[in-house]
Amino acid sequence: MKADPKGVLTGVHFMDGDHAACEGALAAGCRFAAGYPITPSTEVVERFASRIPLIGGVFIQLEDEIASSIAIQGAVWAGKKAMTVTSGPGLSLMMEHVGLAAITETPCVFVDVQRGGPSTGLPTLPAQGDMMQVKWGSHGDYEIIALSPNSPQECFDLMIKAFNLAEIYRAPVFFMMDEVVGHMTERVHIPEASAIEIVERRWTKKRPGEYRVYESGADLVPEMVKAGDAYRIHVTGLTHDEKGYPVMNAAAQGKMVQRLMDKIRLRKDELVDVRREALEGAEIVVVSFGITSRVAGRAIAEARRKGVKVGHLRLVVAWPFPSAVIQDLAKRVKAFVVPELNMGQMALEVERAAFGRAPVVSVPHAGGTVHEPQAILDKILEAAR
Amino acid sequence: MSEVLAENPVLSYLRQDRLPHIWCPGCGIGTTVNCFARALKESGLDMNKVVVVSGIGCTGRVAGYMNLDSFHTTHGRPIPFATGLKLANPELKVVVYSGDGDLSAIGGNHFVHAARRNMDIMVVCVTNFTYGMTGGQVAPTTPIGATQTTMPYGNFENPFNLPFLADACGAVYVARWTVFHVRQLARAMKEGLAKKGFVFIEALAPCPTLYSRRNKLGDGVDQLKYYKEKSAIKNGADTKEAALSFQGDIIVGKFVDRERPTWLDAMNRHYSNVFQGKYRPYGQPYGVSNAKD
Amino acid sequence: MSDSEPAKKGKGAVFVQAEICKGCSYCIEFCPTHSLEFSQEFNSKGYHYPVLAKPEACSGCDLCGLYCPDFAIFGVRIKEPVKKP
């Protein structure tokens with residue numbers, strides 16, 4: 001279906017990534033947001049709070065991120081599309097409800113404008129240190145989806161994708177911005193509503209009595225209903241059967257967890273979204289994401305001037321990790337160079353996928369600013385030697 | 001023994017395929033649910049629009065037994081989940097049903113803020129003075145002197161007086177009854193279901209297995225006898241005076257029944273002023289506006 | 001609880017679903033007419049359950065039903081004696 005024009009601010013704008021992310025959410029049909037103030041993400045909800053009254057929806061600033069991350073799930077089960085917005089310390093508090101969204105298969109979007117950590121760290125300065133946290137942060141086994149925009153325009157475009165993916169897979173989707181992308185102001189083109197494709201929630205056509213809340217078909221994603229529709233559903237964070245009833249045994253646990261993983265793992269190829277640049281014949285491939293991809297661009301250009309054949313692979317969807325793409329490249333490249341604003345998180349994933357076939361050179365950075373392009377260039381040249 | 005010739009009037013409000021429930025013999029939670037089912041029956045509400053949300057713990061299991069749309073959420077968080085439900089669809093009647101530990105310890109912050117906002121939800125708190133599911137640890141309600149596994153020499157921490165807390169934070173309806181006072185409890189729940197705004201009903205209930213036994217208080221019936229003997233009904237009592245002590249006097253009654261705009265009504269009223277005709281009231285659950293799409 | 005008692009003693013009956021009873025005795029203890037007592041037999045879980053020992057005394061007030069934490073008993077007022085189907 002097409003986007004509801006009420007939420008689409010069609011036109012060409014000069015806006016920052018935080019605001020563009022908000023516009024993306026509104027265009028995607030998000031009509032409920034809950035959040036707690038935290039730098040550098042607050043502008044997203046500030047804009048939502050100012051825009052939503054006349055669009056028709058609700059913003060509520062709650063008492064903390066724990067409340068925000070579960071209020072959105074209540075809103076989803078009442079039929080709305082919903083998001084919460086935060087940064088590292090808030091994300092840590094939300095981990096409890098990442099697990100809840102995963103086990104209850106509640107489609108919702110968590111926006112994380114990353115800043116330096118650990119703990120309070122660097123509130124106003126960038127990092128990309130939450131990449132592993134969103135993948136592994138809540139206890140137990142589950143799968144999530146994470147997107148990584150590198151410009152205000154992508155904050156808009158990919159936010160729509162984030163909401164759509166949440167509905168398709170019924171899983172929590174993370175929108176992994178960082179302080180620089182969030183606060184950078186650029187041209188943002190917002191198309192007509194009729195040009196924006198929206199994935200509607202997969203409402204069941206079954207009638208009460210026939211419908212089972214966690215029964216799924218071939219794609220392993222159950223159909224949904226909402227509270228108030230006479231289905232009398234039970235939804236629990238306990239291990240449950242297809243009826244949604246708690247079942248405390250290994251067989252039920254195995255079946256449920258396997259499906260939660262498989263519904264994303266088995267369709268991981270459909271989820272691959274990478275930007276490939278000059279990969280043909282490249283001896284070195286820089287793997288990057290978010291703001292670092294733009295810094296890496298300069299280092300790559302410089303390396304090419306020095307005669308090194310460098311390709312650039314940018315992760316737009318960071319989770320699930322595009323292992324197959326890396327595996328394929330590992331057969332023919334000399335090395336991977338992975339700059340990121342953390343001490344080497346996604347480099348480990350690249351290493352895992354490369355499986356020893358090509359060395360992986362990490363370019364770590366603790367955050368606080370972006371890399372000096374020279375630091376990335378040095379590693380490219382070192383790897384090319 | 002009589003045979004079952006007719007259906008228990010509460011059964012249609014329960015998920016019968018899940019009975020018998022997990023609660024211990026003499027546990028008071030089931031009795032509160034019984035009262036709740038009667039209140040639902042008499043409420044005149046469309047049961048397809050009533051939603052029950054629970055947290056974690058023994059009382060947290062209530063959601064799973066109600067034949068309603070029901071959500072068993074995370075520990076301490078049923079109130080913010082319920083907030084999301086209610087705000088996303090104001091047509092729903094949202095009931096949070098959870099225990100004293102869930103609502104006032106781990107969920108205490110959510111509790112005070114939802115009351116402050118006058119979020120339109122009814123909160124039923126089953127207070128059994130202990131963490132039953134985990135084996136009888138000290139709770140924020142455990143009276144001084146009572147022994148619990150994590151207060152093995154007797155509790156020395158000051159407990160909450162929950163009606164006072166709810167009152168101070170702005171709840172529009174505050175009542176406390178015990179599981180001995182079944183008719184009054186059912187009536188309070190019925191009133192609560194009809195009330196608009198943050199409703200708080202505390203139901204004192206025995207935990208024979210972990211609270212009574214550890215404190216040598218006998219079984220469930222003994223605890224109900226204590227409630228009967230020591231309870232004084234004081235409707236309209238100052239909630240400040242309603243603190244509880246170990247096996248001491250209990251003040252029960254309807255303490256608060258007042259009107260305040262709910263969060264949603266306040267939002268609609270405010271935005272209608274700010275934006276004038278451009279604003280279409282959101283939700284309109286209670287005839288705030290007749291505007292239609 | 002005086003308001004719960006019927007003004008005059010009509011005739012009543014109770015229905016017990018013995019299998020889900022956990023023998024807490026709330027119904028027996030708080031029956032206003034003391035009509036109930038424990039069964040001699042056990043149910044399959046090993047609990048004694050209530051039986052209507054004094055059917056003539058039962059008013060059908062259903063206070064037992066309201067007290068029951070296990071939804072295992074309820075009372076009804078009857079105009080005519082209960083006939084077994």
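Chain letters run A, B, ... following the sequence lines, proteins first and then strands; every chain starts at 1. Nothing here was measured: the structure is a model prediction, and the numbers come from that model.
Residue-level contacts of residues 11-43 of chain B with chain C, in order of numbering, are B:Leu11, B:Leu14, B:Leu19, B:Pro20, B:His21, B:Ile22, B:Trp23, B:Cys24, B:Pro25, B:Gly26, B:Cys27, B:Gly28, B:Gly30, B:Thr31, B:Val33, B:Asn34, B:Cys35, B:Arg38; threshold 4.5 Å between heavy atoms. Among the residues in residues 207-224 of chain B, those with a non-hydrogen atom closer than 4.5 angstrom to a non-hydrogen atom of chain C are B:Gly220, B:Val221, B:Leu224.
The distance from the CD1 atom of C:Ile20 to the CG atom of B:Asn8 is 7.5 Å, given to the nearest 0.5 Å.
B:Glu191 is linked by a side chain to side chain donor-acceptor pair (under 3.5 Å) to B:Tyr173, B:Lys254, counting only residues two or more places apart in sequence or in another chain. Residues forming a side-chain contact (heavy atoms from CB on, under 4.5 Å) with B:Ala205 (at least two apart in sequence, or on another chain): B:Val126, B:Val179.
Heavy-atom pairs under 4.5 Å with chain B were tallied for C:Cys24, C:Ala53, C:Pro69; the largest tally goes to C:Pro69.
Heavy atoms closer than 4.5 Å to chain B are found in both the backbone and the side chain of C:Ser25. With a 4.5 angstrom heavy-atom cutoff, C:Ile28 does not touch chain B via any of its atoms.
Around atom NZ of B:Lys49, more than 12 heavy atoms belonging to other residues, nucleotides or ligands sit under 6.0 Å away.
B:Arg183 and C:Leu66 make their closest contact through NH1-CD2, 3.5 Å (heavy atoms, listed as atom of the first residue, atom of the second, distance). Here the closest non-hydrogen pair linking C:Phe30 and B:Lys225 is CZ-N, 4.4 Å.
When atom types are taken as modelled, the side chain of C:Tyr67 and the backbone of B:Val182 share no donor-acceptor pair closer than 3.5 angstrom.
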